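The block underneath contains the structure these notes are about, expressed in structure tokens.
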Amino acid sequence: ATFIENGKIVEKPNSTKFSNEFYTDKMIDFIKTSQENNNKPFFAYLAFQVAHSPFMAPHENVEKYDKIYSVGWDKIREQRFEKQKELGFWPSNMTDPGRLPPNESWDSLTDDEKAYAARVLAVHAAGIEDMDKNIGRVIQYLKDTGQYDNTFILFTSDNGSSEPFEISDFRYASGVNLTQGKQFVPTINNTLSNLGNQTSDFNYGAWGSYVAASPLSGYKTSFYEGGTRPPLLIKAPQTSSASSSPSNNTNTTLVKSFVYVTDITPTILEIANVSHPTSYQGHDVHALMGKSLKPLLDGTVEVIHPANEAIPAELFNQTTVR
């Protein structure tokens with residue numbers, strides 16, 4: 001991986017440190033420096049790549065999840081779906097809608113195939129846990145410096161699950177640096193015990209999204225909900241009427257109203273009391289897409305996008321209209 005800071009290539013200070021920790025160290029340092037220099041409001045965009053292929057994670061975290069996923073993807077999908085119903089995501093009497101395309105049964109795999117699949121899912125989960133831990137470091141820093149209550153925090157993901165094919169089926173494009181590529185490929189070690197380490201290079205195939213996107217269908221690159229419906233978590237600032245209690249507040253609200261990715265920018269701008277520009281350096285700026293979610297967060301409306309509003313999208317020459 002190549003890391004760039006302010007237009008210059010930089011080395012990681014610790015070659016064994018995972019990017020989750022590296023990015024988080026940098027972000028906390030950026031926030032600290034910003035506050036020391038001007039004490040103005042800040043915008044921070046912390047983009048982890050941990051859920052993306054290739055999957056890697058601290059080895060000490062993997063073993064715990066290996067035991068969990070060894071029960072098989074059918075059981076894990078069932079458990080997650082039931083937990084989601086318990087949390088109110090779906091009606092309590094809803095049954096698993098099944099998956100398109102259908103997934104093969106866990107019991108049809110050989111013991112070696114089961115062990116490999118369980119370890120792949122375990123590494124993915126361990127990486128996510130490590131990301132969560134590092135998000136917690138940023139939140140704890142904001143609390144320690146008295147900035148948490150007044151900070152708007154939004155968490156989401158760019159798309160559902162991972163690619164619908166395994167990396168072993170992927171061919172490096174001709175535009176990739178072939179010198180480095182030729183040096184790297186022979187070093188790959190995807191043996192069971194090495195999965196998740198620096199010399200491994202793998203992800204899950206379509207079968208992984210069967211677990212990750214439960215109970216939805218499809219995967220990344222598809223317009224199935226499993227490829228387009230990621231989580232969205234929001235903590236409103238205390239100055240908003242949506243958050244009237246301090247940082248020890250643990251109340252959560254499940255909002256089922258449809259929102260779209262283009263709604264994020266107008267939401268941030270309204271909360272920050274920033275106007276969207278109409279021009280930049282003599283050029284017209286495209287009209288802002290999406291709608292602010294602040295009325296939804298404040299509880300003054302229940303719907304941002306009415307049922308008769310057409311929302312089109314395109315992805316890899318696939319098109320949809322909602």
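This structure is a prediction, so every number in the text was calculated from the model and none was measured.
Put simply, the side chain of Arg99 never gets that close to the backbone of Pro215: no donor and acceptor are under 3.5 Å apart. Panel note: side chain Lys235, backbone Thr151; a donor-acceptor pair is recorded below 3.5 Å. Judged by distance alone, with hydrogens and angles left aside, the side-chain atoms of Gln35 form a donor-acceptor pair with the main-chain N or O of Lys40 at under 3.5 Å. One N or O on the side chain of Thr110 and one on the backbone of Glu113 form a donor-acceptor pair closer than 3.5 Å. Counting only distance, with no hydrogens or angles, the side chain of Lys85 and the backbone of Asn93 share no donor-acceptor pair below 3.5 Å. Within the 3.5 Å criterion, the main-chain N or O of Ser214 finds a donor-acceptor partner in the side chain of Gln84. With hydrogens and angles ignored, the 3.5 Å screen pairs no side-chain donor or acceptor of Trp73 with any backbone N or O of Asn103. Without hydrogens or angle criteria, Ser200 side chain to Gly196 main chain gives a donor-acceptor distance under 3.5 Å. Judged by distance alone, the side chain of Ser157 and the main-chain N or O of Pro230 form no donor-acceptor pair under 3.5 Å.
A pairwise comparison of heavy atoms in Ala212 and Tyr204 identifies CB-OH, 3.4 Å as the closest pair. Taking all atoms of both residues into account, the shortest heavy-atom contact from Asp201 to Asn190 is N-OD1, 2.9 Å. For the pair Ser209 and Ala206, the tightest heavy-atom approach, listed with the atom from each and the gap, is OG-O, 2.9 Å. Across all their heavy atoms, Ser53 and Asn203 have their closest contact at CB-CB, 3.4 Å. Residue Pro295 comes nearest to Glu270 through the heavy atom pair CD-OE1, 4.4 Å, listed as atom of the first residue, atom of the second, then distance. Residues Thr262 and Pro266 approach most closely at O-CD, 3.1 Å, considering heavy atoms.
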Please table the atom pairs, donor to acceptor, closer than 3.5 Å between any side-chain atom in residues 114-127 and protein atoms at least two apart or in another chain.
| residue | atom | partner | partner atom | Å |
| --- | --- | --- | --- | --- |
| Arg119 | NE | Asp66 | OD2 | 3.2 |
| Arg119 | NH2 | Asp66 | OD2 | 2.9 |

Which atom pairs, donor and acceptor, lie under 3.5 Å between side-chain atoms of residues 312-322 and protein residues at least two apart or in another chain?
| residue | atom | partner | partner atom | Å |
| --- | --- | --- | --- | --- |
| Glu314 | OE2 | Phe316 | N | 3.3 |
| Glu314 | OE2 | Asn317 | N | 2.8 |
| Gln318 | NE2 | Thr221 | O | 2.6 |

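When the shell of 6.0 Å around CG of Asp144 is examined, it contains more than 12 heavy atoms from other residues, nucleotides or ligands. By the 6.0 Å contact criterion, CD on Glu302 is open, its count of non-hydrogen atoms from other residues, nucleotides or ligands being 12 or less. Under a cut-off of 6.0 angstrom, the local environment of CG in Asn273 is sparse, with at most 12 non-hydrogen atoms contributed by other residues, nucleotides or ligands. For CG of Leu254, the number of neighbouring non-hydrogen atoms (other residues, nucleotides, ligands) closer than 6.0 Å is greater than 12. Summarising the local packing, CD of Glu11 is surrounded by 12 or fewer heavy atoms from other residues, nucleotides or ligands at distances under 6.0 Å.
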message: Applying side-chain contact (heavy atoms from CB on, under 4.5 Å) to Phe42 and Phe30, what does each step give before you reach the verdict?
response: CA-CA 10 Å; Phe42 63 88; Phe30 286 153; over 6 Å; no

- request: Could you give me the CA-CA distance, side-chain angles and deciding distance for Glu309 and Lys291, then say whether salt bridge (Lys or Arg N to Asp or Glu O under 4.0 Å) is met?
  value: CA-CA 12 Å; Glu309 178 183 350; Lys291 299 179 179 180; 3.0 Å; yes

- request: Go through the steps for Tyr23 and Phe3 under the test side-chain contact (heavy atoms from CB on, under 4.5 Å), then give the verdict.
  value: CA-CA 10 Å; Tyr23 293 156; Phe3 298 93; 3.5 Å; yes

Verdict with supporting geometry, Thr156 and Leu233, side-chain contact (heavy atoms from CB on, under 4.5 Å): CA-CA 7 Å; Thr156 190; Leu233 305 174; over 6 Å; no

- request: Could you please spell out the steps behind the side-chain hydrogen bond (donor to acceptor under 3.5 Å, both in side chains) verdict for Asp263 and His305?
  value: CA-CA 10 Å; Asp263 300 331; His305 298 283; 2.8 Å; yes

- request: Give the intermediate values and the outcome of side-chain contact (heavy atoms from CB on, under 4.5 Å) for residues Ser105 and Asp74.
  value: CA-CA 7 Å; Ser105 166; Asp74 294 321; 3.8 Å; yes

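Ile76 contributes atom CD1, which lies 15.5 Å from atom CZ of Phe81 (distance to the nearest 0.5 angstrom). Annotation: the span from Phe223 atom CZ to Ser217 atom OG amounts to 15.5 Å, rounded to 0.5 Å. For the atom pair NZ of Lys143 and OG1 of Thr145, the computed distance is 11.5 Å after rounding to the nearest 0.5 Å. For the atom pair Ile153 CD1 and Leu46 CG, the distance stands at 11.0 Å (nearest 0.5 Å). To the nearest 0.5 Å, atoms CZ (Phe48) and CZ (Phe155) are separated by 8.5 Å. Atom CD1 of residue Ile135 and atom CE of residue Met131 lie 4.5 Å apart, to the nearest 0.5 angstrom.
In summary, the side chains of Asn194 and Thr199 do present a donor paired with an acceptor at a separation below 3.5 Å, with no hydrogens or angles considered. Side-chain contact of Asn20 with Asp130: a donor-acceptor pair under 3.5 Å is present, judged by distance alone. There is a side-chain donor-acceptor pair under 3.5 Å between Asn189 and Thr191.
Between Asp25 and Lys17, at least one side-chain nitrogen of the basic residue sits less than 4.0 Å from a carboxylate oxygen of the acidic one, meeting the salt-bridge criterion. Using a 4.0 Å cut-off between a side-chain N of Lys or Arg and a carboxylate O of Asp or Glu, Glu21 and Lys133 do not qualify as a salt bridge. Under the 4.0 Å criterion applied to side-chain N and carboxylate O atoms, Glu82 and Arg77 are not assigned as salt-bridge partners.
With contacts defined as side-chain heavy-atom distances shorter than 4.5 Å, the pair Thr265/Leu288 qualifies. In this structure, the side chains of Ile4 and Val10 stay at 4.5 Å or more apart for every pair of heavy atoms. Side chains of Lys83 and Arg80 form no contact here, defined as non-hydrogen atoms less than 4.5 Å apart.
In this structure, Val261 is a member of the same hydrophobic cluster as Leu297, with clusters built from ILVMFWY side-chain heavy atoms closer than 4.5 Å. Under the 4.5 Å side-chain contact rule for hydrophobic residues, Trp207 and Phe202 share a cluster. One hydrophobic cluster, built from ILVMFWY side chains closer than 4.5 Å, cannot hold both Met289 and Leu232; they sit in different ones. In terms of hydrophobic clustering, with Ile, Leu, Val, Met, Phe, Trp and Tyr side chains grouped at heavy-atom distances under 4.5 Å, Val138 and Val50 are assigned to a common cluster. Cluster membership for Val274 and Ile271, using ILVMFWY side-chain heavy atoms within less than 4.5 angstrom, is not shared.
Put simply, the residue from Ile264, Val303, Ile234, Leu293 that forms a side-chain contact (heavy atoms from CB on, under 4.5 Å) with Val259 is Leu293.
Between Tyr141 and Tyr148, the ring center distance fails the sub-6.0 Å criterion. Here the two rings, on Tyr210 and Tyr219, have centers that are 6.0 Å apart or farther.
Using a 30° and 60° split on the angle between ring planes, Tyr69 and Tyr65 fall in the tilted class, from 30° to 60°.
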